[in-house]
Amino acid sequence: MSDSTISVSASDELTVCREVHELKSCLNELRTNRKTAALVPTMGALHEGHLSLIEIAKEQADIVIVSIFVNPTQFGPNEDYETYPRQFDKDVEKCRDAGVDVVFSPDREEVYSDENFFQIKISTLNEHMCGGSRPGFFEGIVQVVNKLFNMVEPDVAVFGQKDIQQVQILRQMVREFNHGVKIVTAPIRRANDGLALSSRNTYLSDDERVTAPGLFRSLQYIETQIRSGVHTPKLLIRHQESELEAKGFEIDYLNVFALKTLSPVESLEKGQTYIIAGAAYLGKTRLIDNILIEL
Ligand code: AMP
C-alpha cells in the first residue's frame, strides 16, 4: 500500500470544539476552496433519527458540523432541563463513525452571558401545537438557532420533520432575518413498531414503551379517514383522544393544522397541505408525532 492511500485527509478527522473562537478557526481551515458546510443542531443523546439528519447533511455539503447543546432557554421552569439525557462521549463516537467533521458543544456560559437585553418575539406561528402548551419554547429555539447560525455560518441546516413546527418557524426566521441558510427537512425515523425515535424515549418504562406507538396509530387512523373523504375531522379526533386516554395517554393536543399557518382547521380543502399532529404524556414522558397530508 502506498503512502498516499493510507494518509488520512483532514475530512476524515473529527474535531471537537467547545468555544466559538476554536470553532471559527477550525471552520476557517476546513472551508478553504469554497467548501460548503451543513449544520445539524441537536441536544445530544443521539439516536438513528439524528444520524439520518447527518446522512442528509453529508449529501448537502462538503463539511458537516453537529452541534450538541442542551439549550436552557427552550425549557420551561417545570420541564426536564436538568434530567435531559446527556451522553457526550457516546455522541462523539457516533459522530465520528458517521463521518462528521466537527462537533460543536459549547458550555452554557459560552452561548449565553448573564445579561440579556434582546429577545426575539414570534408572532402567530407559535400560538398552537407545542407553542401553545410550552410558553417561551420556540423563542428559546429561535434564540439558540439564530446564535448557532451566526457561529457556524452554514450554507445548509438540517432539521427533522418530527419537530415540524420548529421547521416552519425556522424557515420563517431565515426569510425574515436573511440568514441565507437553506433549511432541509428530514423524514421522521421510527422504531419498528412505529414509535418516532426521540432522546426522551429513554424515560419510558417497559409498559409505557409498549403503549407509546398508540400515538402514531391514532395519527395514522385519522390520516386514513381523511384520505377516504372525512374533511371535517373534529369528531374523528375526539374519538381518537378517548381511545388514547383509555390507553393511559394524557393528551396535550391532537388536531389537524394547516402547514402554512400552523393553526387548527375545522374543514379541510383540496390543494392544501395539513399536519395531523399530536402531543401526549405517558407518565412523565411527553411524546410528539405528526403526519403530513396533502389533499
Ligand atoms: P433534538 O436533539 O431532539 O433537539 O433533535 C435534533 C434534531 O433531530 C431536530 O431537528 C429533530 O427534529 C431531529 N429529530 C429528532 N428525532 C427525530 C426522528 N425520530 N427522526 C428524524 N429526525 C429527528
Side-chain angles (χ1 to χ4, degrees), residues 38-60 64-76 79-81 83-88 90-92 94-95 98 100 103-106 108 111 129-131 134 137-149 152 154 156-174 181-204 209 212-213 215-216 219 259 262 275 277-279 285-292:
L39 171 67
V40 180
T42 81
M43 297 208 299
L46 302 183
H47 51 66
E48 289 293 325
H50 297 112
L51 298 181
S52 71
L53 268 55
I54 292 171
E55 280 312 307
I56 293 172
K58 282 164 65 181
E59 288 161 15
Q60 290 280 329
V64 174
I65 301 111
V66 172
S67 62
I68 299 178
F69 179 61
V70 184
N71 174 38
T73 67
Q74 72 189 66
F75 287 80
E79 293 183 353
D80 57 345
Y81 174 70
T83 54
Y84 194 84
R86 288 165 172 85
Q87 45 170 60
F88 183 68
K90 261 194 192 169
D91 287 347
V92 170
K94 286 185 183 178
C95 286
V100 170
V103 166
F104 176 51
S105 185
R108 185 178 177 146
V111 179
M129 304 176 71
C130 293
R134 300 182 70 185
F137 175 55
F138 286 110
E139 277 81 1
I141 288 178
V142 161
Q143 183 182 27
V144 77
V145 174
N146 205 10
K147 277 170 170 285
L148 288 169
F149 281 3
V152 177
V156 179
V158 188
F159 295 91
Q161 184 202 313
K162 165 128 183 300
D163 300 279
I164 185 73
Q165 189 172 19
Q166 160 172 281
V167 174
Q168 293 303 88
I169 289 174
L170 292 177
R171 282 188 187 282
Q172 194 61 28
M173 179 187 89
V174 162
V181 178
K182 178 182 166 194
I183 303 283
V184 173
T185 312
I188 303 175
R189 276 297 183 98
R190 302 180 177 282
N192 288 341
D193 57 8
L195 176 66
L197 300 181
S198 163
S199 305
R200 287 189 169 99
N201 290 351
T202 53
Y203 300 157
L204 295 167
R209 177 62 189 82
L215 177 59
F216 180 49
L219 300 180
L259 178 66
L262 304 179
I275 315 163
T285 312
R286 187 171 185 277
L287 302 172
I288 61 169
D289 204 345
N290 69 78
I291 293 174
L292 282 175

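Counting starts at 1 for both ligands and their atoms, in listed order.
- The shortest N or O to N or O distance between S52 and ligand 1 is not under 3.5 Å.
- Comparing G160, P41, A45 against atom 6 (C) of ligand 1, the shortest heavy-atom distance belongs to P41.
- The atoms of ligand 1 that sit less than 4.0 Å from any heavy atom of L197 are 16 (N), 17 (C), 18 (C), 19 (N).
- Residues V40 and I56 form no side-chain contact, since every pair of their non-hydrogen atoms from C-beta on lies 4.5 Å or further apart.
- Protein heavy atom nearest atom 12 (O) of ligand 1, with residue, atom name and distance: D163 OD2, 2.6 Å.
- Side-chain contact between Q74 and Y81: absent, with no pair of heavy atoms (C-beta onward) separated by less than 4.5 Å.
- Annotation: side chain of N201 is in contact with side chain of L287 (closest heavy-atom distance under 4.5 Å).
- Only the side chain of L53 comes within 4.0 Å of ligand 1, judged by heavy-atom distances.
- At a 4.0 Å heavy-atom cut-off, ligand 1 touches Q166 through the side chain alone.
- By the 4.5 Å heavy-atom criterion applied to side chains, K162 and L197 are not counted as neighbours.
- Between L170 atom CG and I141 atom CD1 the span is 7.0 Å, to the nearest 0.5 Å.
- Against a heavy-atom cut-off of under 4.0 Å, F159 is close to the following atoms of ligand 1: 10 (O).
- From the protein, the heavy atom lying nearest to atom 3 (O) of ligand 1 is Y84 OH, 3.8 Å.
- Residue T42 has at least one heavy-atom neighbour below 4.0 Å for each of these atoms of ligand 1: 2 (O), 6 (C).
- Comparing R189, H50, H47 by heavy-atom distance to atom 17 (C) of ligand 1, the nearest is H47.
- Atom CG of residue L219 and atom CD1 of residue I291 lie 5.0 Å apart, to the nearest 0.5 angstrom.
- Here the CZ atom belonging to F138 is positioned 7.0 Å from the CG atom belonging to D163, to the nearest 0.5 angstrom.
- Of all the listed residues (P187, A186, G44), P187 holds the heavy atom that lies closest to atom 21 (C) of ligand 1.
- Salt bridge D80/R286: absent, no basic N to carboxylate O contact under 4.0 Å.
- Residues passing the side-chain contact (heavy atoms from CB on, under 4.5 Å) test with E79, sequence neighbours excluded: F75, R134.
- Atoms of ligand 1 found under 4.0 Å from any heavy atom of G49 (numbered from 1 in listed order, with element): 18 (C), 20 (N), 21 (C), 22 (N).
- Residue contacts with ligand 1: M43 is placed with a nitrogen or oxygen under 3.5 Å of a nitrogen or oxygen of the ligand (distance criterion only).
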